[in-house]
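Working notes, beginning with the structure itself.
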Amino acid sequence: MEERLMYISEVQCTVLEVKVIEGLGTTIDVILINGVLHEGDQIVVCGMQGPIVTNIRALLTPHPMKELRIKGSYQHHKELKAAQGIKITAQGLEHAIAGTQLHVVGPDDDLEDLKDEAMQDMKNVMSRIDKTGEGVCVQASTLGSLEALLEFLKSPAVSIPVSGINIGPVHKKDIMRSSVMLEKKKKEYAAILAFDVKVTPEARELADELGVKIFMADIIYHLFDQFKAYVDNIKEEKKKESAEEAVFPCVLKILPNCVFNKKDPIIVGVDILEGIARVGTPLCVPTKEYVEIGRIASIEINHKAVDSAKKGQQVAMKIIGNSPEEAQKMIGRHFEVEDELVSHVTRRSIDILKENYRDDLSLEDWKFVLKLKKLFKIP
């Protein structure tokens, strides 16, 4: 095995971690796989805000029998040869990204080419951000774990849009960026999925103040489960808030000999010809100049109260006037038993269905919504 190992002089070096060390400032821990690093070398590192071009100020290694990640004094070196772990101090490393390659600028190298090469991994990640600007913010400890999380969120089975990314701990600026979703009325996206990273106390406090949700986990699937439960809860809240304005499409036919009360409250037996009849649905009679007769107050099937009934079902229904004018409406005077009763949809009610009840309606129901749009001449 030893005979098959080959040393290559070309520098191959990966950033493992970005750390702030007291007395040293921001440093990067790297693994030097091939080549030699020298004190004073000009290097290019991938950064969150663009390529970082700087010079190595110091090459540090722990003392013998000590680990690189353990705090303490370090040994200084003029140069270090592969393969080993090294701590590098230099200016401008605050936004360096763990998991990316470190490039050394040689005498014959083109600096601009190296900058592009250093940022290539980041460009691949940035291409997965939703172009609409709407979505959750995602943070991870390294570029590799960030890529894995983005790939998972983009998969058809998950399909969660991402509007922003970052690497490292969650800070106040990340909370501020995520809070923009609240201004866009997208509460479900005012969230940060923090994968294997810490949250600063200041960021936690600001998140509670602004209403930004932070989900933390060391396993991607746990993050997804937490976020899905949160979104489902928000959807239920929105449904409750908009329940009175949500009008489901339906056409009802009064059954012969099933008129039990002609005037408010109108009590009849009906056959549901199309759509879904729900308690609270406003009804009108298109064949009688769209006269409004009230809202469905209750529905019974076999003497049992239900909240809704679907096409093909026959039910008993109580209709109560929502205003003094509607309360005056009477079967035999304002409309006849033969007239069909139709749910009175509006532009607003259709928008609410799209936003909060999309999955509650079948494809056939949505086609019927389009028919009602034409019937009520809704733009």
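Side chains are part of it too, since the values below use all heavy atoms of this structure and drop only hydrogens, waters and symmetry mates.
At least one side-chain heavy atom of I293 sits under 4.5 Å from a side-chain heavy atom of L341.
Connection of I175 to V197 is established within a shared hydrophobic cluster, with ILVMFWY side chains joined at heavy-atom distances below 4.5 Å, either directly or through further cluster members. By the rule that hydrophobic residues join a cluster once side-chain heavy atoms approach within less than 4.5 Å of another member, I331 and L255 end up as members of separate clusters. Hydrophobic cluster membership differs between F215 and V170, with clusters built from Ile, Leu, Val, Met, Phe, Trp and Tyr side chains linked at under 4.5 angstrom. Transitive grouping of hydrophobic side chains (ILVMFWY, heavy atoms separated by less than 4.5 Å) keeps M119 and V105 in distinct clusters.
Atom CZ of R295 is separated from atom CD1 of I320 by 12.0 Å, given to the nearest 0.5 angstrom. Distance check: L93 CG to K19 NZ gives 14.0 Å after rounding to the nearest 0.5 Å. Note that OG1 of T61 is 6.5 Å distant from CD of Q84, once rounded to the nearest 0.5 Å. In this structure, NZ in K81 is found 10.5 Å from CG in N34, a value given to the nearest 0.5 Å. Expressed to the nearest 0.5 Å, how far CD1 of I86 lies from CD1 of I56 amounts to 8.0 Å. Interatomic distance, T142 OG1 to L146 CG, rounded to the nearest 0.5 Å: 8.0 Å.
Among residue pairs with one or both ends in residues 98-125, none qualify as ring pair (Phe, Tyr, Trp, His ring centres under 6.0 Å); sequence neighbours excluded. The ring pair (Phe, Tyr, Trp, His ring centres under 6.0 Å) contacts involving residues 15-37 comprise nothing, where partners must be two or more places apart or lie in separate chains. Listed by first and then second residue, the side chain to side chain donor-acceptor pair (under 3.5 Å) pairs that reach into residues 266-289 are T287-D339, K288-D339, sequence neighbours excluded. Residue pairs meeting the side chain to side chain donor-acceptor pair (under 3.5 Å) criterion with at least one member in residues 187-199, sequence neighbours excluded, are S141-D196, E188-K238.
The number of heavy-atom neighbours closer than 6.0 Å to NZ of K239, taken from other residues, nucleotides and ligands shown, is above 12. For CE of M48, the number of neighbouring non-hydrogen atoms (other residues, nucleotides, ligands) closer than 6.0 Å is greater than 12. Dense packing is recorded around NZ of K253, with more than 12 heavy atoms of other residues, nucleotides or ligands lying under 6.0 Å away. Other residues, nucleotides and ligands contribute at most 12 non-hydrogen atoms within 6.0 Å of the NZ atom of K228.
Legend: residues meeting salt bridge (charged side-chain N to carboxylate O under 4.0 Å, His left out) with K213, ordered by chain and number and at least two apart, are absent. Checked against side chain to side chain donor-acceptor pair (under 3.5 Å), T200 has no partners two or more places apart in sequence or in another chain. Qualifying ring-ring contact (aromatic ring centres under 6.0 Å, His included) partners for F195, counting only residues two or more places apart in sequence or in other chains: none. Scored by the ring-ring contact (aromatic ring centres under 6.0 Å, His included) test, F152 finds Y221, F224 as partners (sequence neighbours excluded).
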Practice prompt. Show the numbers, then the answer: is there a salt bridge (Lys or Arg N to Asp or Glu O under 4.0 Å) between E245 and R348?
Written response: CA-CA 8 Å; E245 293 184 90; R348 169 73 177 157; 3.1 Å; yes

Practice prompt. Carefully, step by step, assess D351 and R347 under the rule salt bridge (Lys or Arg N to Asp or Glu O under 4.0 Å).
Written response: CA-CA 6 Å; D351 288 343; R347 176 74 268 166; 3.0 Å; yes

Discussion item. Please evaluate residues E292 and H344 with respect to the criterion side-chain hydrogen bond (donor to acceptor under 3.5 Å, both in side chains), reporting the C-alpha separation (whole Å), side-chain torsions for both, the decisive distance (0.1 Å), and the verdict.
Written reply: CA-CA 8 Å; E292 296 180 359; H344 192 175; 2.9 Å; yes

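Checked by atom type, the side-chain pair H171/E202 shows no donor-acceptor distance below 3.5 Å. With no hydrogens or angles considered, no side-chain donor-acceptor pair links Q91 and T54 at under 3.5 Å.
L370 belongs to no multi-residue hydrophobic cluster, having no ILVMFWY side-chain contact under 4.5 Å with any other such residue. Cluster partners of M330: none. The rule joins Ile, Leu, Val, Met, Phe, Trp and Tyr whenever side-chain heavy atoms lie under 4.5 Å apart, and it links nothing here. Clustering of Ile, Leu, Val, Met, Phe, Trp and Tyr side chains at separations under 4.5 Å places I378 together with V247, F248, V251, L273, I276, Y290, V342, V345, I350, I352, L353, Y357, L361, W366, F368, V369, L372, L375, F376. Residues I267 make up the rest of the hydrophobic cluster containing F260, defined by ILVMFWY side-chain heavy atoms closer than 4.5 Å, directly or through other members.
Salt-bridge formation is not detected for the pair K240/E237: no Lys NZ or Arg NE/NH1/NH2 atom is positioned less than 4.0 Å from an Asp or Glu carboxylate oxygen.
The one candidate from I160, D232, V158, L153 that meets the side-chain contact (heavy atoms from CB on, under 4.5 Å) condition with F227 is I160.
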